[in-house]
Amino acid sequence: MKTLFEKIWDAHVVKKIENGPEVLYIDRHFIHEVTSPQAFNGLRERKIPVFRPAQVVATADHNVPTINQHLPIQDELSRLQVNKLNDNCKEFGIDLYGLNHPKQGIVHIIGPELGYTLPGSTIVCGDSHTATHGAFGTIAFGIGTSEVEMVLATQCLLQYRPKKMRIIVNGLLEKGVTSKDIILYLISKLTAGGGTGYFIEYSGSAIQRLSMEERMTICNMSIEMGARGGIIAPDEKTFEYVKGREFAPKGADYDKLLAHWKTLFSDKGATFDKEYVFDASDISPMITYGTNPGMGMKINGLIPAGNGSSTDADKADLKKSLDYMGFSPNESLIGKKIDYVFIGSCTNGRIEDLRMAAKIIKGHKKAENVTVWIVPGSKLVEEQAIAEGLKDIFEAAGIPFRQPGCSACLAMNDDKIPAGKYCVSTSNRNFEGRQGPGSRTLLAGPLVAAAAAITGKIVDPTEFLN
Amino acid sequence: MEKLVKIESTCVPVNISNIDTDQIIPARFLKATSREGFGDNLFRDWRYNNDHSPKTDFPLNNPKYKGAILVAGKNFGCGSSREHAAWAIVGAGFKVVVSSFFADIFKNNALNNGLLPVQVSDDFLTKLFIKIENDVNTSVVVDLENQSIQTKDGSLKDSFEINSYKKTCLLNGYDDIDYLLNIKNEIQVFEQSFN
């Protein structure tokens with residue numbers, strides 16, 4: 001009796017070192033411009049090639065501008081780093097979705113979109129949100145640059161088996177509650193370090209009912225609990241999503257794999273080191289009030305006062321966070337004026353996210369006090385949003401529809417939130433300065449963000465859904 | 001990789017919990033294509049004001065704190081997988097980070113750069129912060145061979161876990177990649193059986 005995770009992991013163990021880690025084979029390696037250059041330098045110093053270039057896929061996403069992408073990148077260091085990726089991919093024979101490629105986009109969006117992400121596989125990338133791909137029943141996790149070099153050199157990593165956690169969410173979601181609210185809710189319950197050392201399987205009827213894109217949003221933020229990754233058993237929705245994608249197997253190859261994919265679930269009686277059960281009806285639209293993703297609450301709730309069982313360190317942590325955010329204990333955030341809205345990122349930059357935002361924004365104008373950035377996750381998402389008329393809806397509201405990239409999620413490009421300003425953001429991290437030095441981030445789902453865009457303040461989005 | 005056996009040093013305390021890698025090295029400093037130079041921007045936004053003047057109350061700017069051991073609050077290194085965080089800490093001259101809890105990816109990144117994460121009990125950490133606050137010259141001995149950490153005066157002691165493989169690597173200065181390159185034949189055999 002094995003868990004879903006164990007079935008995939010065990011199939012990828014090349015060997016076990018006595019009293020040591022296992023050598024884990026990696027099927028798919030995604031790379032981007034920020035965490036790969038030093039790894040390629042390492043290969044050059046060792047005078048070795050990329051071992052399996054066909055299993056590596058590259059994209060430029062972290063550093064790219066989200067306007068005027070046809071022009072050379074203005075920031076010199078960003079330009080050099082993106083150019084370095086181009087050169088490295090050319091030298092080592094790696095397929096690249098670089099800036100201006102018609103299918104460029106955020107690495108965790110284009111992987112599934114192009115059919116590179118397949119159930120039952122192992123996937124790594126020098127990016128902690130690699131957990132996203134777990135939505136397909138893959139073991140996907142983020143690695144550091146030394147490890148990027150190892151995978152480039154040998155297609156393997158030395159890994160210790162993480163502990164197993166299962167989070168079950170049963171029941172029906174209320175209207176206006178998105179999968180982003182589910183994951184923000186779970187992180188608020190388990191805390192920002194509650195998953196450290198674990199790989200999390202998400203299951204239960206509420207998870208099964210989610211679309212593939214919604215599942216990606218959940219798995220994406222597993223790392224925000226400290227978990228190595230998150231995984232969801234593949235089902236008909238998964239198989240249907242993968243089928244026919246550009247690089248997914250076709251015909252008899254697909255059928256053969258499909259038979260294997262159908263065996264990928266946790267056996268009845270398989271055991272977990274930790275298990276949590278939640279009821280979907282307890283989840284409301286969420287928002288964060290602090291400076292780590294575990295500091296989240298129901299949008300209609302009150303900021304906690306740090307009473308109860310928390311330690312002195314936890315209390316100091318909460319005070320430091322609230323001071324940074326300019327909030328007080330027991331404060332409600334409803335009606336609070338905000339300055340920026342960012343809709344995008346590998347968490348919420350897919351077509352379904354843009355459709356949700358458009359549903360609320362349609363027929364309204366952007367509030368005057370707010371700057372709104374809507375950034376599609378990939379060129380294909382951008383194309384589809386244009387075809388569906390979403391771009392027109394945004395532009396009619398006075399919101400420009402930008403070009404794909406990581407953008408204000410980590411503000412490596414020019415999309416920075418100024419010091420002291422509040423941003424309701426559909427991204428994944430509310431750390432101090434994450435969206436620019438001094439920026440104040442409130443994480444939320446696309447409905448909350450879109451409602452903030454048209455009202456200029458924090459409001460419960462459900463009132464706009466009738 | 002440089003060998004790491006035993007470190008004896010005074011400490012630099014940063015008594016903050018949940019220090020994420022965006023604080024250790026903000027994203028805007030990740031544009032370099034080499035591993036060098038990140039130390040200057042370690043804890044950049046906690047260390048410097050917007051006009052680049054140093055914030056004198058931050059421990060790294062306080063001349064009374066120096067040494068090769070960084071002591072930090074629990075859940076150190078959470079967030080982004082950026083190895084630049086480990087490079088920044090090493091670049092600023094640290095060889096050991098002491099905390100009561102480390103994020104997984106950071107721990108791997110540190111070990112791959114010869115930086116030893118020493119996970120101690122909450123109690124030891126609290127007492128160590130107090131001791132350093134009372135005496136900035138508190139010397140701490142980290143002994144990898146014996147997996148022990150103690151103040152030189154012997155008043156505070158704790159042991160720490162490290163897996164035996166990683167321990168051997170650090171004691172001898174071996175990299176994971178050397179090991180993997182040596183078993184390439186086995187990897188190829190695995191690939192054939194797998195496909």
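Naming: A, B, ... by sequence-line order, numbering from 1 per chain.
Side-chain contact of B/N163 with A/Y160: a donor-acceptor pair under 3.5 Å is present, judged by distance alone. A donor-acceptor contact under 3.5 angstrom links the side chains of B/E83 and A/S146, judged on distance only. B/W46 and A/E432 share a donor-acceptor pair across their side chains, judged by distance under 3.5 Å alone.
A side-chain contact (heavy atoms from CB on, under 4.5 Å) with B/K31 is found for one member of A/V82, A/N63, A/V34 and no other, namely A/N63.
For A/L157, the part sitting under 4.5 Å from any heavy atom of chain B is the backbone (N, CA, C, O) and nothing else. Contact annotation for B/N108: only side-chain heavy atoms (C-beta onward) come within less than 4.5 Å of a heavy atom of chain A. Looking at A/H129, there are no atoms closer than 4.5 Å to chain B (heavy atoms on both sides), in backbone or side chain. For chain A, the nearby part of B/D175 is the side chain; its heavy atoms alone come within less than 4.5 Å. Looking at B/N112, both its backbone and its side chain come within 4.5 Å of chain A, counting heavy atoms on both sides. For B/Q23, the part lying under 4.5 angstrom from a heavy atom of chain A is the side chain only. Contact of B/I16 with chain A is made through the side chain alone, with heavy-atom distances under 4.5 Å.
With hydrogens and angles ignored, the 3.5 Å screen pairs a side-chain donor or acceptor of B/D104 with a backbone N or O of A/G197.
Using a 4.0 Å cut-off between charged nitrogen and carboxylate oxygen, A/R434 and B/D20 do not count as a salt-bridge pair. At a threshold of 4.0 Å, the pair B/K74-A/D317 does not count as salt-bridged, since none of the basic side-chain nitrogens sits closer than that to a carboxylate oxygen. In this structure, A/E45 does not pair ionically with B/R35, as no charged nitrogen and carboxylate oxygen lie closer than 4.0 Å. Salt bridge present: A/R46 and B/D178 bring a charged side-chain N and a carboxylate O closer than 4.0 Å.
In terms of heavy-atom pairs under 4.5 angstrom with chain B, the leader among A/L77, A/L158, A/T291 is A/L158. For chain B, the option among A/G433, A/G142, A/P437, A/G20 with the highest count of heavy-atom pairs below 4.5 Å is A/P437.
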